[in-house]
Amino acid sequence: MASEEPRASDALRTLEELPAGSEVEIIRASGGTFRGFLVPRTRGEVGATIHLKLASGYNIGLHIAPQDVVRILATPPALGPNRVAPTRPRAGGNGEWVALLTTGGTIASRIDYRTGGVRPVQDEDELLTFYPHLDQGGPVRVIPIFDRLSEEILPGDWLELARRVAQTFQDGARGVVVAHGTDTLAFTAAALSYALPSLPGPVVLVGAQRSPDRPSSDGSSNLGAATELARTGNLGEVVVVMHRGLSDSAFAIHRGTRVRKMHSTRRDAFETRNGAPLGVIDEHGIHLAHEARTRSAGAVRLDDRLDERGALVWFYPGLAPERVEHSLEGVRGVILAGTGLGHVARGHHGWIRRAIDRGVFVGMTTQCLAGIADPYVYTTGRELGALGVTYLQDILPETAYVKLLFALGRSHHGDEVRRFLLEDVVGEFEPRHPVGRSL
Amino acid sequence: VKVGLEVHQQLAVGKLFCDCPSQLSEEVREVLVRRLRPTGGENLTVDPAVAFEAARGHLFQYEVTDSDCLVEADEEPPHAINPEALRVALTVSALLHARPLDEIVVMRKIVIDGSNTSGFQRTALIAVDGTIEVEGKQYSIPSVCLEEDAARKIGEKEGEVRYRLDRLGIPLVEIATGPEITEGPEARAVAEEIGAVLRATRKVRRGIGTIREDLNVSTPGGTRIEIKGVQELRLIQKYVEQEEIRQKFLLAIRDRVRERSSELPSETGVNLTSLLSAITSGPLRELGSRGHAALGLRLPGFRGLLGGPVREGERLGRELADYARSQGLKGLLHSDELPGYGIEGPLLERVNLALACGPEDGFVLLAAPSLDRGQVALEKVRLRVVAAREGIPAETRDPLPDGRTRYSRPLPGRDRMYPETDVPTIRPALGGPGPEQLPELPRVARERIARTCALNPEVVSQIIRQDALEPFEALVSRGFPAPAVARLLAQDVTEGSVGLPEPVRELRFEELEAVLQGLGRGQFAKEGVPKIIHAMLEHGSSVEAAAARVGLAPLSREELERLTEALLDANAALLQERGERAVSALMGDLMQQVRGRRDGREVAQVLEAGVRRRTAVPPT
């Protein structure tokens, strides 16, 4: 009597149709009874596995067999909504306020039990549940801009962000904090540096290497330091503020064009290359180097001309010249991250010559990420220089790429593009490299 | 009384979520400073135990050593779960007849007392519904968990706690029993048997602090209390008995105060800071000039119930002081201990007046570095007083060496658990041992060996407790007599280790063999073995060198006879007087000279022969 046999999917289907948070009892044919709350299935789970949260707090995974019996004890979700309202009123918008522009990223993310990963917070209220002390030093206006992880941010987004920053200053903000994913935070910092050539206050990019749903998240203290700098720092440039070491007690201020994420997980992943950071925030306050630009007396200036037809090419042994040439179709400029002092294999001379002949700008940086690109030391460099490759000193490859897009946006003349790239616009070059500061 | 046990055993395999060794370290490389903030679980509800720790707002220092890496520093995501640790946990589960779950989900248990850099402990439920048999009775094992050990607390001072990262991440197997234990001695027996099952895997760490027990105690009409971190098995009984006394005592106070008054203490205390400067003696003397604030709270109906009668060291006043202490204060004073501490006469009258105390009302006084901190602490104390009218609050308590316990924090709930999404779920079916790979249960081994070797089961239990079953069986199989091997492993090694600095090294198999050979050849007697082992462990010497060092160089039969003759010569008068009965008087003297160097029975024979020879009636 096959039709009277429980169908393979009965118990499982019952469970799958229940909302997450339902309280169930599963009596297993193989022995054992489990009582708990249904937890949303997480990514990567397959087949007949369900997850339960037991009264003890533990989650467990059970394979549901056709003969298992499911009793539904309560259907209203025992797991509350994924977010709650802030528990206290926020400081008002009167007096000197700073703006917090959110773009997504770990600092504004929380764990998502459906996917098992972290996801961006949905709104301002949710953000404030994680950072209840955010406006301790004075009013903070939270302005959501995007809701995405930083690897999804595009050059067009840099401009949108720059316009919003400019608008925020026009609205009277003392300073602007931008919460951003750390992966491409340095690109955005460089872009804002070129798009906002004159600033009446600091633009502080900040991120977190640990999501805010963890008690140990660095987001809270990074955000505190960044907000303090935005409010009280006499600074008129775009900077990145993150942990200076592994302790929650000191924060480095990095110039937006000189900073790079140098570690995938450490709190102090961000480093100023080719020199010391622009400043430090610690228990004694804010310390800025003398070369830091102060708040401009005039209004904010925005220059959002940008042409996305630029490229960044990382040279490596075996990189096929024809593949590079093919990928560069339609491009107006390319930054090479060459080996050592700025070298690529001779096999690439062909496409480089043809590109330069077409009027494409070719700039050279070093993939060492510290030290200079210099064409004169080796024959290779001299040959590339002779082809018309522009050596870009100690600028970071990523910064050079961002700067190239702004250069292309500003001019159609090769000479002007080249001149802009060689010009020290916002402190992206460090002409002096003292002994003892290797990076 | 109903008692459930939680046994936590460190495993002697690498750390659970990284590739560091599971070893403590004394070398500190640098110190990190961190803060932790409360966060909620899936539904953002903050657990009471978590909120409690958050209120303390501590700064945490972490000592970095060679036994930790970026994972312990919370600077790198956890690596995949240590497969060997998982295998041990599954082996233990199988030995306890517990069913492994189809999928294991590693959870984050929020703990923000700083003992975990991440602010949570990673823990996973491995198996459920097991049993263990102890002395013929079955106990349920509702859960077997695998979790990370916490960082080692090094010290604490005002607002700062210092931890070392070496212990953080060492795998712990946690075994919980059901509440089926009814008395202290039983709790101890069950804990010991669980310890033996864990050691049967031969993958556990040994020594002080490597196994820890939590006790869940509830009494009829009382509440469940968790006593956390009982390290000494022999004290389990004491804690259970003391908790029973404490709960009965607190319930009696509840009944008394309910009879007297239905009034709850006021929600705010009275600022008594101005009184501080009037105190000219006692512990509170200088607090006024140091800018401290003082607060008082009237406790309606509590007069006489805070201090005495002192029953077995339990007082409600002490419980209240523990709550104040949990907020970083030194403690508090209550009405039943006054006059005293420099508060007496007119000053005490002023306190009574300021708090408007009636004849049956008690009060508490506390001093704090600031009014804010005092108010926070007083609020905790007030809630404890309100709870005293209801009965016994559910608490986590710290064990004290004298068998009493002290309030530590509220009992945590399920809101502090949420999934560790940095680690994928685990299917144990792929990592568990087959039935043929399981070690023998200690209970089964005990019966088998008692039978085959004709030994007292208690002696076999001792061998198992020493984790020496393997060398025992190997030595017996090499032909050494089982009683001699048992004595060596169950007693002599332990006795010989006494007084040596921890960790005491283990004797190698060849060394154990050499001791038994020396015994067999009569090079020294069994009485000398502990001393010889002590010297071997202390100096790393061979058996012969150790015996010589402790003056137990072998004594020849001739030397024994010569010593005996010399003794008889010196005691001629005694021999004359007592005849053959002089043997018992002289045996002690002779043993003093030869103990451990010849077998005692042989010494007696030689002495008896000598005495007989000298006292024999000469042929006429």
Side-chain angles (χ1 to χ4, degrees), chain A residues 21 30-34 39-40 42 44-45 49 51 53-64 77-84 110-113 115-118 126 129-133 209-210 212-218 220-221 245-250 263-268, chain B residues 30-45 47 50 54 59-62 64 70 73-77 99 101-112 116-120 123-125 128-129 142-143 145 412-419 421-422 424-427:
Chain A
S30 59
T33 298
F34 295 89
V39 172
T42 59
E45 277 171 42
T49 309
H51 279 199
K53 187 174 197 70
L54 306 180
S56 60
Y58 281 99
N59 289 16
I60 58 168
L62 297 174
H63 299 320
I64 301 303
L79 294 176
N82 237 351
R83 41 178 288 273
V84 294
R110 58 158 312 181
I111 209 157
D112 183 334
Y113 296 94
T115 63
V118 293
E126 196 173 358
T129 63
F130 289 123
Y131 303 113
H133 302 299
Q209 292 282 79
R210 295 279 164 293
D213 51 61
R214 300 163 72 109
S216 61
S217 173
D218 54 333
S220 177
S221 54
L246 299 186
S247 292
D248 289 337
S249 47
H263 198 278
S264 59
T265 61
R266 286 173 64 120
R267 274 151 232 257
D268 60 354
Chain B
E30 63 177 294
V31 178
L32 309 179
V33 180
R34 296 277 174 76
R35 286 183 186 282
L36 294 171
R37 306 165 307 126
T39 57
E42 283 106 319
N43 56 355
L44 294 181
T45 312
D47 181 82
V50 172
L59 200 68
F60 303 113
Q61 298 179 329
Y62 296 104
V64 175
L70 287 180
D74 190 42
E75 293 291 342
E76 186 172 288
R99 251 195 311 271
L101 295 160
D102 300 332
E103 265 190 24
I104 291 167
V105 183
V106 179
M107 304 295 289
R108 297 172 173 179
K109 187 189 278 182
I110 301 279
V111 183
I112 61 167
N116 293 72
T117 45
S118 55
F120 49 75
T123 175
L125 183 57
V128 294
D129 294 342
S143 68
C145 294
R414 74 180 161 108
D415 280 335
R416 67 167 176 169
M417 301 268 271
Y418 65 104
T421 48
D422 292 346
T425 57
I426 300 153
R427 305 201 163 204

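Note on naming: letters A, B, ... go to the chains in the order of the sequence lines (proteins, then strands), and numbering restarts at 1 for each one.
Comparing Ser143(B), Gly119(B), Ser118(B) by how many heavy-atom pairs each has under 4.5 Å with chain A, the most go to Ser118(B). The residue among Ser221(A), Pro215(A), Gly245(A) with the most heavy atom pairs within less than 4.5 Å of chain B is Pro215(A).
Take Glu75(B) and apply the salt bridge (Lys or Arg N to Asp or Glu O under 4.0 Å) test, not counting sequence neighbours, and it matches Arg267(A), Arg34(B). Looking at residues two or more places apart in sequence or on another chain, you find a salt bridge (Lys or Arg N to Asp or Glu O under 4.0 Å) between Arg214(A) and Asp74(B), Asp422(B).
Interface remark: Arg35(B) contributes backbone and side-chain atoms alike to the contact with chain A (heavy atom separation under 4.5 Å). Only the backbone of Thr117(B) has a heavy atom closer than 4.5 Å to any heavy atom of chain A. Proximity to chain A is limited to the side chain of Leu70(B), based on heavy atoms less than 4.5 angstrom apart. Looking at Thr123(B), both its backbone and its side chain come within 4.5 Å of chain A, counting heavy atoms on both sides. Contact annotation for Val106(B): neither backbone nor side-chain heavy atoms come within less than 4.5 Å of a heavy atom of chain A.
Here the shortest heavy-atom pairing between Ile60(A) and Phe34(A) reads CD1-CD2, 3.5 Å. When every heavy atom of Gly61(A) is checked against every heavy atom of His51(A), the shortest pair comes out as CA-CD2, 3.4 Å.
Between Thr265(A) and Arg210(A) the shortest side-chain heavy-atom distance falls below 4.5 Å. The shortest side-chain heavy-atom distance between Asn59(A) and Met107(B) falls under the 4.5 Å cut-off.
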